[in-house]
Amino acid sequence: MATSNDRTRTTTLVVDDDRIIKTIHSKLLSKLGIENQVAANEKKAVDLHCSGKKFDLIVMDRDMPIMNGIEATRELRALGIRSIIVGVSTRSLEQEIQEFMDAGLDDYQEKPLTSSKVISILHKINHNS
């Protein structure tokens with residue numbers, strides 16, 4: 001399991017258009033000692049990366065206006081972004097989850113994230129680094 005120091009070094013981008021979910025995820029990450037920033041949509045997330053900002057983890061909503069999570073994940077991967085990207089959604093149909101995974105996700109979680117889900121994600125990050 002990740003130590004407190006591991007979590008402090010982890011930077012996360014939360015990408016979601018739902019103000020409540022965005023707040024829940026941001027507060028949960030902060031409570032766990034994880035530095036995080038929020039983006040209101042996927043286009044802003046891509047723009048942040050293009051401006052040189054780097055994140056260890058991206059929590060990407062699937063269904064959003066302007067650019068959906070599938071398109072944004074593909075674009076980030078095409079730009080060479082190697083951050084861990086975790087897709088989040090309320091969708092549970094296997095085909096929809098697989099379509100999102102195929103875009104370049106490292107993991108998929110149903111909304112909302114919980115402490116145990118975040119710790120599991122951090123464990124994967126620490127094993128991949």
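The first residue of the sequence shown is numbered 1, and numbering continues consecutively from there.
- Across all non-hydrogen atoms, the minimal contact from Tyr108 to Arg91 is OH-O, 2.5 Å.
- We find the OG-CD1 distance between Ser26 and Ile21 to be 12.5 Å, quoted to the nearest 0.5 Å.
- Clustering ILVMFWY residues whenever any of their side-chain heavy atoms sit less than 4.5 angstrom apart, transitively, puts Ile70 in a cluster other than the one holding Leu93.
- Every ring-ring contact (aromatic ring centres under 6.0 Å, His included) that Phe55 has, sequence neighbours left out, goes to His49.
- Residues Asp61 and Glu42 form a side-chain contact, since some pair of their non-hydrogen atoms from C-beta on lies under 4.5 Å apart.
- Atom CD1 of Ile20 sits in a sparse spot, with 12 or fewer heavy atoms from other residues, nucleotides or ligands closer than 6.0 Å.
- More than 12 heavy atoms of other residues, nucleotides or ligands lie within 6.0 Å of NZ in Lys117, so this atom counts as buried by the packing criterion.
- Interatomic distance, Leu28 CG to Thr12 OG1, rounded to the nearest 0.5 Å: 10.0 Å.
- Inter-residue side-chain proximity for Pro112 and His25 is flagged as met; some heavy-atom pair is nearer than 4.5 Å.
- Counting all heavy atoms, side chain and backbone alike, Ala39 lies closest to Leu48 at CB-CD1, 4.5 Å.
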(request) Please report the C-alpha distance between Arg82 and Asp106 in whole Å, then the side-chain angles of each, then the deciding distance to 0.1 Å, and finally whether the salt bridge (Lys or Arg N to Asp or Glu O under 4.0 Å) criterion is met. (result) CA-CA 10 Å; Arg82 300 283 39 117; Asp106 296 290; over 6 Å; no

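- Of the charged side-chain nitrogens involved, none lies within less than 4.0 Å of a carboxylate oxygen, so that Asp17 and Lys44 do not count as a salt-bridged pair.
- Just one residue in the list Ile84, Leu57, Ile121 forms a side-chain contact (heavy atoms from CB on, under 4.5 Å) with Asp107, and that residue is Ile121.
- For Glu99 and Arg62, the salt-bridge test passes: some basic side-chain N is under 4.0 Å from an acidic carboxylate O.
- In this structure, Val59 and Asn36 have side chains that are not in contact, with every pair of non-hydrogen atoms separated by 4.5 Å or more.
- Using a 4.5 Å heavy-atom threshold, the side chains of Glu94 and Gln98 count as touching.
- The CZ atom of Arg19 lies 10.5 Å from the CD1 atom of Ile24; values are rounded to the nearest 0.5 Å.
- Considering Asp16, Asp18, Thr90 as possible partners of Lys111, the one that fulfils the side-chain hydrogen bond (donor to acceptor under 3.5 Å, both in side chains) test is Asp16.
- Between Val86 and Gln109, the shortest heavy-atom distance links the atoms CG1-CG, 3.9 Å.
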